[in-house]
Amino acid sequence: MKLVPTLFLSGAADKHRRWVALAVAAQVLFILLVAGAGSAISSYGRAVVLRTSPVDPRDLLYGDYVTLNYDVSQLPRPLWRGSEAPRRHRPVYVELRPTSAGYYEAVAVYPAEPASLPADHVALRGWIVNVWRQGLQLRYGLERYYVPEGEGRKLERRAGRQPLLVHVSVAPWDQSRITRVEIAPKPAERP
Amino acid sequence: MSRKFIEIEGQHWVEQGIISPDQHQRLLALYPEQQRAIGLLPLLGSLLVGLSALSLVAANWQDLPELLRLGLLIGSMVGAYLGGEHFLQRGFRSMGIGLVALGLILFGAGIVLTSQMYQLVGYDVTGLLAWVVAGVVLTFIYQSHFLFILAVAIGVLAQGYSVGSLSSYSYASALLMAGGLGYYWWRRPDALCGAILATGLLWQSALLINHLHIKITWFFVPAMLVYAAGDWQPNRPAARALQAPPLVAAFLFMLGLGMFGEAGSYTDQLRPHFVGFVGALLLVFGLSVAGKHARGHLSSAADWLLLLPGYYFPGGLPLAVAALVVLYAYTGSVLYRGFQEQAADRVNLGTALFILTTMVAYFKLTWEFMDKSLFFLLGGLLLLGLSWYLRRRARSIPPSNPPTP
């Protein structure tokens, strides 16, 4: 509580305290920025729903987060739109299109952000993890979902071998984050 | 010599009339009571309190509203820093530093928990990097060994996470450790900090080699760069501490070559492109020798024997023998320097290394050819004889001689 008034004092003895105040303020600011980025993505971002590949429930829960593997994590090679061959660790943009089933599917993979897309399409940034002859393996930084306490087991039990629907917010500045995870309705229940 | 020793023994000397009480006091004045560099109890205390608070909040974390969680994170961090300042101002240094360290740990926890709260834990090392920056900055502000060590630990953690989980090398984190903490150590040399910094830098180097998928022997170029930095440091005890980890690594590597070099199947893995690698190593060697020359301890150039790139020999027995020859040359040089400089600690070290090398050599060269009972008998006798002889030589040196600079 003594720190704040001394901010405005001068003198060599207070130089130290001013440095401390600056360092602490920078740390507070950084945490606020992280939080700000998080809420900005969901308020300014576009909502996209991604389907996960059916998961083996034993592998689903790992610590306090679940590991997600999306349909769009593995894409067939013909979707690649670059002039050069895709290479590992390179960033890519995946064009997504809504389907009638309620989730999005990949249409194309670009090495740079596509200039224009149809209004209902969304470009999601990802990175190439692996390249093989038939396809690409990608990651999006969305592969971990930190589950609220206790909900992980529930999710695991109910999910069984069903896919999950993951609601993702994609910000105009390329960042994206998970906002919600739900269990996909069984095919039989669908109208 | 420790003050406690003079306090207790001096009493006897005064009683026996060897020195007068006045002389005893004057002797004591030569060794002022030292403040403990790191007060362990307050630090442990702050750690435990922090952990308990963490577990309490963590248990109910998900039920708290987001803003409250954010407030708790920031509030506890700022509180710890303010508390640290409070105690430092009143002269309770270790308590104050302990709280500042707690603040730093809470900053890291704040970054991680806030990211998780917003599902932001993507593939990004920025948060950890900010933590490293905070550690380095606080080390400079408070000029504390403990914060220095904590900052090295955070840097080690950040790089490990970056390479292990994100499969990308954080050059910024490596530079922060080498440049930021390295500069701090350079200005305020200290033995413990030197050893820990060198270990951290070796970790960064090892991960870099691993990340770049180059031959593992490249590791010794950055490692010996750390060693060469020690050669330029005027403070000898601190410099020797900085140089110890790279030397230990080189010695163990050479010992490994001596033991397993015979297999020869993997020696291809050890041979980088000759010109590039040896050129780089020679460059570092030149830097190191220039430093030794400038600071007047050229005799320690024998350390570089361990870096002789014997792995360019064809694998098999020649390689194993070459490695053993190098090991003997090195331990011999340590012993020689120890006797020369009358430094008992170095003689002891040389003795231990000599016996270790002999064990490896004996095992290596005779296991195949001798009856096993004879093998152990002769080996035991050899070691006993050696240690008896070396101990006798070592005892001819006054044991409490201070290490020569």
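Letters A, B, ... mirror the listed sequences (proteins, then strands); counts begin at 1.
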Evaluate A:L32 against B:L70 for side chain to side chain contact (heavy atoms under 4.5 Å, CB included), listing each step before the verdict.
CA-CA 8 Å; A:L32 287 177; B:L70 204 60; 4.0 Å; yes

For B:Y81 against A:Q27, the heavy-atom pair lying closest together:
OH-OE1, 2.7 Å

Any idea which heavy atoms bring A:V20 and B:E85 closest together, and the distance?
CG2-OE2, 3.6 Å

Which portion of A:T179 sits near chain B, non-hydrogen atoms under 4.5 angstrom:
neither

Tell me, yes or no, whether the heavy-atom count around [X] atom [atom1], taken from other residues, nucleotides or ligands under 6.0 Å, exceeds 12.
X      : atom1 : value
B:F92  : CZ    : no
B:R188 : CZ    : yes
B:W203 : CH2   : no

With a 4.5 angstrom heavy-atom cut-off, which part of B:I141 approaches chain A: side chain, backbone, both or neither?
both

Residue part contacting chain A, namely of B:L138, when any heavy atom lies under 4.5 Å
side chain

Flag side-chain contact, heavy atom, 4.5 Å: B:F140 against A:W19
no

Between CZ of A:R144 and CD of B:Q116, what distance do you get to the nearest 0.5 Å?
9.0 Å

How far does CZ of B:F107 sit from CD1 of A:I31, to the nearest 0.5 angstrom?
5.5 Å

Using the rule side-chain contact (heavy atoms from CB on, under 4.5 Å), only one of B:T114, B:I111, B:V133 pairs with A:F30; which is it?
B:I111

Quick one: which of A:A23, A:A26, A:A35 has the most heavy-atom pairs under 4.5 Å with chain B, could you say?
A:A35

Give the interface residues of residues 114-124 of chain A toward chain B, defined by a heavy-atom separation under 4.5 Å.
none

What residues of residues 204-211 of chain B make heavy-atom contacts with chain A at a cutoff under 4.5 angstrom?
none

